Amino acid sequence: MSNIAGKAYAMNVITPIRWYTTWTNKLFFKAALLIPETLKGLLTLSLIHYARWVIIPRDGFPRLDPSQPKEELHYAYMLFFSNFNGSWDQYVDSFTFAIPSGLDLFWKWNIRYPKSVPLTPFHDYIRHNQIDTAHYYNAYPMAASNDVKSAQKVKKALIDFNAKSSDKSADDFLKDYHMLLNNLQHDFGDMKPTPIVSLSSYEVKKRYEQTKA
Amino acid sequence: MTTNLDLTDIQGNIIKAYGAYNFQKARYLFLRINNGDKGRQFVDAITAKVTTAIPWGKSENGDVAVEKPRVTTNIAFTYSGLEALELPTASLREFPDDFMMGMSKRKDILGDDGPSDPENWDKIWKEKVHIWISINAPDMDALIERYNWVAQQVEASDGGVTLLTGHRGGDDEENLPYQDASVLYDESGNPTPKEHFGYTDGIGDPVFEGQTNVAARVLGRGKLMRDGSWAPLATGEFLLGHVDEAMEYPKTAPSPMLLSRNGTYMVYRKLHENVAAFNRFLDEQSKSFSGSKEMLAAKFAGRWRDNGAPIVNAPDDASKDEWDKAFEAADFAGKKRMLTDFTYNNDLHGAKCPYSAHLRRINPRGSLEYGVKEAYETPGALVNRRRILRRGLPYGAVKDAARDDGNHGIIFMALNADIQRQFEFVQQQWINYANDFKEGNDKEILLGNHDTKHPSKAVLQVEPGSGKPPHFINNIPRLVETRGGDYFFIPSITALKLIAAGMVDPT
Ligand code: HEM
């Protein structure tokens with residue numbers, strides 16, 4: 001079991017919400033998508049791959065088979081799902097300090113949501129409602145989302161540059177090459193293994209690698 | 001909100017960087033406790049001489065509050081030290097993991113590998129270190145006098161405590177019973193604010209609520225507010241038992257409150273500086289650099305070596321001349337302001353101060369918003385909980401600038417309420433890693449744990465759209481190596497008395 005794969009951490013949080021207030025949340029979600037301005041904090045937090053909030057209606061939980069009896073649920077639920085780089089603490093802290101009012105807006109109607117500041121009740125709330133990840137696959141364990149974005153940018157720029165360069169004079173080539181480097185100057189970060197997210201997960205990983213060897 | 005601190009209860013080294021009070025010399029001692037009773041008696045004896053944070057000299061109404069002492073003494077404990085002093089388990093188990101484990105076991109987080117591996121530390125770190133005692137003084141006479149006094153207390157403890165040996169010294173000593181540190185002097189013997197690479201150090205230290213004279217000192221040193229002003233950080237970032245930036249009491253404080261309140265955690269690190277490697281590297285790299293060698297050195301640190309001018313406001317040789325003239329003309333307050341009051345707001349792309357510069361990595365100020373207007377609740381949202389107080393002085397002398405194997409560097413001490421959240425985070429995420437700076441795994445130039453097997457590089461950014469290529473720094477050698485250290489708890493005076501009396505009771 002691990003919530004961690006390479007540089008990424010997967011977080012699932014599921015919190016009860018009164019079924020008759022879920023429409024307000026859906027409204028907020030819609031508004032947030034329509035007015036991208038509201039999400040700029042989230043987007044600037046570059047450790048986040050993505051974050052998704054979904055309302056699961058009281059009678060909307062999936063069943064594996066029609067023969068599986070339907071659950072009688074008292075509450076609807078809000079599922080929060082996110083992948084990010086870094087540790088749980090770093091992530092939750094970043095959320096709390098960067099976008100506290102956004103968090104409060106999204107979770108406001110959830111049962112026993114304590115508000116994002118002060119930190120400890122919020123930490124406890126997330127921890128309590130977090131569902132650990134049983135299996136987590138990461139195709140690029142060494143890449144943070146920033147690395148992926150940079151790699152895409154570098155690849156495209158290089159292909160374009162190559163296509164345009166074959167007939168250039170040496171002087172023009174150098175000038176354009178410098179321009180290329182200038183345009184890509186924030187995308188040259190090295191990609192190496194992750195810094196240790198926690199000493200316990202580090203030990204688990206070492207033991208796991210021994211069993212494979 | 002803390003408006004008035006009980007300065008008689010707080011140890012002086014937390015509030016004062018003694019070096020700024022002309023205490024040019026320091027000696028650090030490490031001791032082992034062999035017996036609980038006698039150990040507590042020893043702590044009691046030392047406590048009588050512990051220097052508090054009370055202001056020295058004239059108070060605001062002109063009274064002389066407390067005379068500046070001839071010498072200071074402070075004391076702190078490792079986790080095993082507190083165990084040896086027989087604190088109740090109910091208190092001990094409430095200390096945070098990082099402190100319980102101690103520094104050497106955190107090496108994989110701190111990047112202490114290769115030459116920085118605890119295997120290669122000064123021998124003393126193989127011992128059971130329980131107590132740290134620091135002595136600061138304006139001159140060696142005062143220092144040695146106090147040192148002899150401490151040695152007498154050790155003697156009087158009748159085997160209760162042992163002064164540990166095993167510090168490496170400058171004359172091939174391997175087994176010194178103390179670590180000395182000192183400001184560096186210029187050729188005429190005047191004290192300077194320099195460290196061994198030639199940088200001017202000790203300029204910026206965080207300012208927090210409850211300190212004296214906050215308004216005059218907060219510029220560039222507190223937390224950056226949305227309107228561009230600076231406010232003091234919450235006291236609880238640096239002192240336990242006070243509200244922190246998360247609007248709560250630090251969770252790292254063990255009970256009872258009397259044990260933790262007005263205390264804090266200290267990271268002690270002996271950091272060796274590879275002066276020869278630094279000089280060679282700077283010479284080599286400056287050959288292909290378009291500015292002067294000094295400008296390149298300034299790019300590494302974020303400040304110019306000669307007077308500490310922030311490179312973000314003096315980005316090249318010509319503007320440095322201008323800055324120097326304005327600095328010359330400024331009064332004392334104006335000079336302070338020029339040194340500390342800056343942001344990276346006019347340098348979003350790092351063309352002036354590179355993202356990999358020591359200063360920018362270690363305190364990015366508002367720059368992690370990347371110019372997105374009001375992206376976060378406050379510009380320092382990702383920074384205000386990562387600040388540390390810096391104490392300490394250079395140690396050793398560079399006898400042969402062509403060699404790296406001398407004994408010279410910085411005794412670095414970081415004080416914070418939460419080692420993991422503040423010091424360790426900065427060391428791991430900002431010095432040895434750079435995702436927050438969108439530079440992948442690129443390490444900070446001066447402090448990164450660079451290794452030759454996987455050579456590091458750094459990108460010195462230029463103005464975007466200028467058509468100029470950024471400057472690449474390649475094959476960065478390991479410039480700074482860890483030679484020892486541990487995590488300590490600096491109790492308040494009240495807590496010291498409780499510990500010494502064996503009366504800590506969390507019930
Ligand atoms: C041998 C090792 C080191 C050297 C040579 C060094 C050098 C410097 C210099 C020259 C400055 C600029 C002067 C000033 O602003 O006060 C500085 C600032 C600073 N350093 Fe270091 N340093 C070292 C280790 C560290 C370490 C290990 C940390 C923390 C993990 C650290 C944290 C800081 C901080 C927080 C500042 C102030 C930044 C600001 O507020 O803008 N330093 N250092």
Side-chain angles (χ1 to χ4, degrees), chain A residues 7 37 40-47 85-87 89-90 93-102 116-123 142-147 149-150 174-200 202-203, chain B residues 97 101 105-106 108-109 111 243-249 251 349-351 355 368-378 380-386 420-421 425 428-429 432-443 454 456-457 459-470 472:
Chain A
K7 281 180 179 165
E37 183 75 350
K40 68 186 170 188
L42 202 61
L43 296 175
T44 311
L45 284 173
S46 67
L47 78 170
N85 301 120
S87 70
D89 280 319
Q90 185 185 358
D93 277 21
S94 306
F95 256 78
T96 304
F97 293 102
I99 48 171
S101 40
S116 58
V117 178
L119 193 67
T120 303
F122 178 66
H123 264 194
M142 279 212 280
S145 67
N146 282 334
D147 300 321
K149 281 184 244 170
S150 285
L174 188 65
K175 193 169 133 263
D176 290 351
Y177 179 65
H178 284 165
M179 196 110 75
L180 176 77
L181 293 179
N182 183 292
N183 288 335
L184 295 175
Q185 65 174 345
H186 291 114
D187 300 292
F188 290 134
D190 270 0
M191 217 168 71
K192 288 183 187 160
T194 178
I196 291 163
V197 180
S198 81
L199 285 176
S200 39
Y202 181 59
E203 292 302 328
Chain B
D97 293 356
M101 291 174 76
K105 289 201 181 122
R106 311 285 288 180
D108 293 318
I109 288 175
V243 173
D244 67 15
E245 284 290 326
M247 315 262 255
E248 60 186 20
Y249 292 101
K251 287 286 155 311
H349 303 281
Y355 288 1
L368 297 183
E369 272 191 326
Y370 290 95
V372 178
K373 206 166 157 268
E374 299 186 13
Y376 307 147
E377 181 85 353
T378 179
L382 303 188
V383 180
N384 298 343
R385 302 258 292 161
R386 316 288 184 197
Q420 180 167 5
R421 166 164 61 78
F425 182 91
Q428 187 197 31
Q429 295 288 326
N432 288 327
Y433 187 56
N435 192 46
D436 281 354
F437 298 85
K438 307 190 187 184
E439 294 197 307
N441 284 65
D442 284 1
K443 295 166 184 180
H454 311 280
S456 295
K457 65 133 193 356
V459 180
L460 305 186
Q461 292 90 1
V462 291
E463 281 305 334
S466 65
K468 284 197 200 122
F472 293 93

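If you're wondering where the values come from, they're calculated on a predicted model, not measured in any experiment. Protein chains get the first letters and strands the later ones, always in sequence-line order, with residue 1 at the start of each.
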*Do B:N441 and A:M142 touch side chain to side chain, with heavy atoms closer than 4.5 Å?*
no
*Between B:R421 and A:D89, is there a side-chain N and carboxylate O pair less than 4.0 Å apart?*
no
*Check the pair B:E377 / A:S101 against side chain to side chain contact (heavy atoms under 4.5 Å, CB included), numbers first and verdict last.*
CA-CA 8 Å; B:E377 181 85 353; A:S101 40; 3.7 Å; yes
_Contacting region of A:Q90 [heavy-atom separation from chain B under 4.5 Å]_ = both
*Out of curiosity, A:D147 CG to B:N435 CG, how far, rounded to the nearest 0.5 Å?*
6.5 Å
*asked:* Which atoms of A:K149 are under 4.5 Å from chain B, going by heavy atoms: the side chain, the backbone, both sets, or neither?
replied: neither
*List the steps, then state whether side chain to side chain contact (heavy atoms under 4.5 Å, CB included) holds for B:M101 with A:L199.*
CA-CA 11 Å; B:M101 291 174 76; A:L199 285 176; 3.4 Å; yes
*Please tell me if the side chains of A:I196 and B:Q428 come closer than 4.5 Å, counting only heavy atoms from C-beta onward.*
yes
*So which of A:M191, A:K175, A:K40 has the biggest tally of heavy-atom pairs under 4.5 Å with chain B?*
A:K40
*With a 4.5 angstrom heavy-atom cut-off, could you sort out which part of A:L45 is near chain B: side chain, backbone, both or neither?*
both
*Enter the distance from B:K373:NZ to A:T44:OG1 here, rounded to the nearest 0.5 Å.*
13.0 Å
*asked:* For a side chain to side chain contact (heavy atoms under 4.5 Å, CB included) check, start with the C-alpha distance between A:F97 and B:L382, then their side-chain angles and the critical distance, and finish with the verdict.
replied: CA-CA 7 Å; A:F97 293 102; B:L382 303 188; 5.5 Å; no
*Any donor and acceptor pair, going by atom type alone, linking the side chain of B:E248 with main-chain N or O of A:T120 inside 3.5 Å?*
yes
*Side-chain donor-acceptor pair under 3.5 Å between A:S46 and B:D436, yes or no?*
no
*Measure the OG-NZ distance between B:S456 and A:K192 for me, rounded to the nearest 0.5 Å.*
5.0 Å
*Quick one: do A:Y202 and B:D108 satisfy side chain to side chain contact (heavy atoms under 4.5 Å, CB included)? Show the steps, please.*
CA-CA 9 Å; A:Y202 181 59; B:D108 293 318; 3.2 Å; yes
*Atom CG in A:L43, atom OH in B:Y370: separation rounded to 0.5 Å?*
15.0 Å
*Please flag which part of B:K443 lies under 4.5 Å from any non-hydrogen atom of chain A: side chain, backbone, both or neither.*
neither
*Backbone of A:D190 reached by a side-chain donor or acceptor of B:D442 within 3.5 Å*: yes
_Whether the side chain of A:N182 engages the backbone of B:E463 through a donor-acceptor N/O pair (distance < 3.5 Å, no angle test) should be reported._
yes
*Among A:L184, A:D93, A:T194, which residue forms the greatest number of heavy-atom pairs with chain B at distances under 4.5 Å?*
A:D93
*Could you tell me whether the side chain of B:N432 reaches within less than 4.5 Å of the side chain of A:P195, counting heavy atoms only?*
no
*Of the non-hydrogen atoms in A:A98 and B:A381, which two are nearest, and what is the gap between them?*
CA-CB, 3.7 Å
*Can you check whether B:R385 reaches A:L119 side chain to side chain, under 4.5 Å on heavy atoms?*
yes
*In terms of heavy-atom pairs under 4.5 Å with chain A, which of B:E245, B:H454, B:Q420, B:K457 leads?*
B:K457
*asked:* Please check this pair: side chain of A:H186 against backbone of B:E439, looking for a donor-acceptor N/O pair closer than 3.5 Å.
replied: no
